[in-house]
Amino acid sequence: MARIRIENVEKDYGALTVLHDCSLEIQNNEFIVLVGPSGSGKTTLLRLIAGLEPISRGDLYFDDTRVNNLDVSDRDIAMVFQNYGLYPHMSVFDNMAFGLRRRGLAKLEINEKVRRTAELMNLQDFLERKPKQLSGGQRQRVALGRAIVRDPEVFLLDEPLSNLDAQLRVQMRSEILRVHRSVDATAVYVTHDQVEAMTMGDRIVVMDNGRIQQVGTPEELYDRPENIFVASFIGTPAMCFLEAKTNGDKLLTDGGDLPLLPDHRERIGEREHVTIGLRPEHLLVGEGRPTVSGVVEVVEMLGAELIVHFTTGSHTLTVRLPRGEKYRPGDQVKFGVTMDQLHFFDRDTGQAL
Ligand code: ADP
């Protein structure tokens, strides 16, 4: 059992505060992903949970025990890093057995645990090899296996797939989730890749500038981002933004006027200016809807679909279309807007309305 509770945690490096007022509750057995751009504080938060760095302010609990001052070796955690951290002179078996030997487990028990974990990780045929005789994916599996074999309550994973090529990353993602389902442990996973976050996380913690921006399931973050940062960070192609002036019953934009629905009016309130958020799938070809118009800038052919970027005034909007559609840079275009799907943000604070 391990529930992790982070309450108003802050971290200073000298005079610089790199984590501000972070609060988060992670449920037992949950797979939580910390995601954000480089330097947003993900690794620092992970290191505080691990006990590798002291917490400057705030509290950290494992279940109901405050662990701020608990030594890293006394926390029941296992860590997996991007650079594997394997012992090069030891075989796969010995790498995996190392921690168990240090804990003084009997030889038979170590044998049994390592072999069971090797099977789980598909490493049973490589136990005698040294790390340099393995591919990158196999090395990462050994690193994961070495963490799993210890049977910890908490796994902390810091960009574990960054060194792998794209295809292997996709394969390892599902492997990590499969393994997580088969062990009884809480996992905290750091990545800068929002696709990885969306495909792996039970819940995702979006970070920026040392602050937690939003915590939610992938669907919640995609459908109801709480601010412009989360809206633009989650989703590929990204959400686009269009400034609008409100005028009675209309939204006046560079791409044309759009009707202001009663629900929009309620959300926008008295504001005269508002930022509209439009996901690519909220623009459609065809008649019968209010439209935004502009000029095609870039067309990306992705096989099954076409991503078209077009400019309207100072804004670039993106639309996702079936591949049969024909567009060329320079074309004048007009797309229908699914008005009931619009996101609105306060122009000054970036908060969702
Ligand atoms: P991320 O994992 O999201 O890329 P980090 O947690 O590594 O971000 O870093 C967050 C911020 O803290 C960055 O601005 C980084 O420069 C700073 N930082 C991290 N470690 C140290 C350190 N040991 N000393 C000083 N500043 C640090």
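All of these numbers come straight from a predicted model, not from anything done at the bench. This chain uses plain numbering: 1 for the first residue, then up along the sequence. Atoms within each ligand, like the ligands themselves, are counted from 1 in listed order.
The side-chain hydrogen bond (donor to acceptor under 3.5 Å, both in side chains) test applied to Y327 returns no partner, not counting sequence neighbours.
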TODO: Before giving the answer on ring pair (Phe, Tyr, Trp, His ring centres under 6.0 Å), spell out for F155 and F31 the whole-Å C-alpha distance, their side-chain angles and the decisive distance to 0.1 Å.
DONE: CA-CA 9 Å; F155 283 101; F31 197 103; 9.2 Å; no
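Here the two rings, on F241 and F345, have centers that are under 6.0 Å apart.
Other residues, nucleotides and ligands contribute over 12 non-hydrogen atoms within 6.0 Å of the CG atom of D331. Residue R328 places its CZ atom among 12 or fewer non-hydrogen atoms of other residues, nucleotides or ligands, all under 6.0 Å distant.
Nearest to atom 7 (O) of ligand 1 among the protein's heavy atoms is T43 CB, 3.8 Å. Considering only non-hydrogen protein atoms, atom 26 (N) of ligand 1 sits nearest to Y13 CD1, 3.4 Å. Closest to atom 4 (O) of ligand 1 among all protein heavy atoms lies G39 N, 2.7 Å.
With a 4.0 Å cut-off on non-hydrogen atoms, V18 touches ligand 1 through its side chain and not its backbone.
Per-atom contact check: atom 15 (C) of ligand 1 does not touch the protein, criterion being a heavy-atom distance below 4.0 Å. Counting only heavy atoms, the protein gets under 4.0 Å from atom 24 (N) of ligand 1.
Heavy atoms of G41 approach ligand 1 to within less than 4.0 angstrom. Residue-ligand proximity: P37 is placed with a non-hydrogen atom under 4.0 Å from ligand 1.
Between E30 and R203 there is a salt bridge, with a side-chain nitrogen of the basic residue lying less than 4.0 Å from a carboxylate oxygen of the acidic one. For R323 and E305, the salt-bridge test fails: no basic side-chain N is under 4.0 Å from an acidic carboxylate O.
Taking every non-hydrogen atom of S40 and a distance limit under 4.0 Å, the qualifying atoms of ligand 1 come out as 1 (P), 3 (O), 8 (O).
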Mind listing the side-chain donor-acceptor pairs of residues 97-115 below 3.5 Å, one per line with the distance, residues two or more places apart or on another chain?
{"residue": "R101", "atom": "NH1", "partner": "D94", "partner atom": "OD1", "Å": "3.2"}
{"residue": "R101", "atom": "NH2", "partner": "D94", "partner atom": "OD1", "Å": "3.2"}
{"residue": "E112", "atom": "OE2", "partner": "R116", "partner atom": "NH1", "Å": "3.3"}

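Summarising the contacts of atom 5 (P) of ligand 1 with D158, T44, T191, the nearest heavy atom is found in T44.
By the 3.5 Å distance cut-off applied to N or O atoms, L16 is not counted among the residues near ligand 1. Where the criterion is an N or O separation shorter than 3.5 Å, residue side chain and backbone included, E53 fails it with respect to ligand 1.
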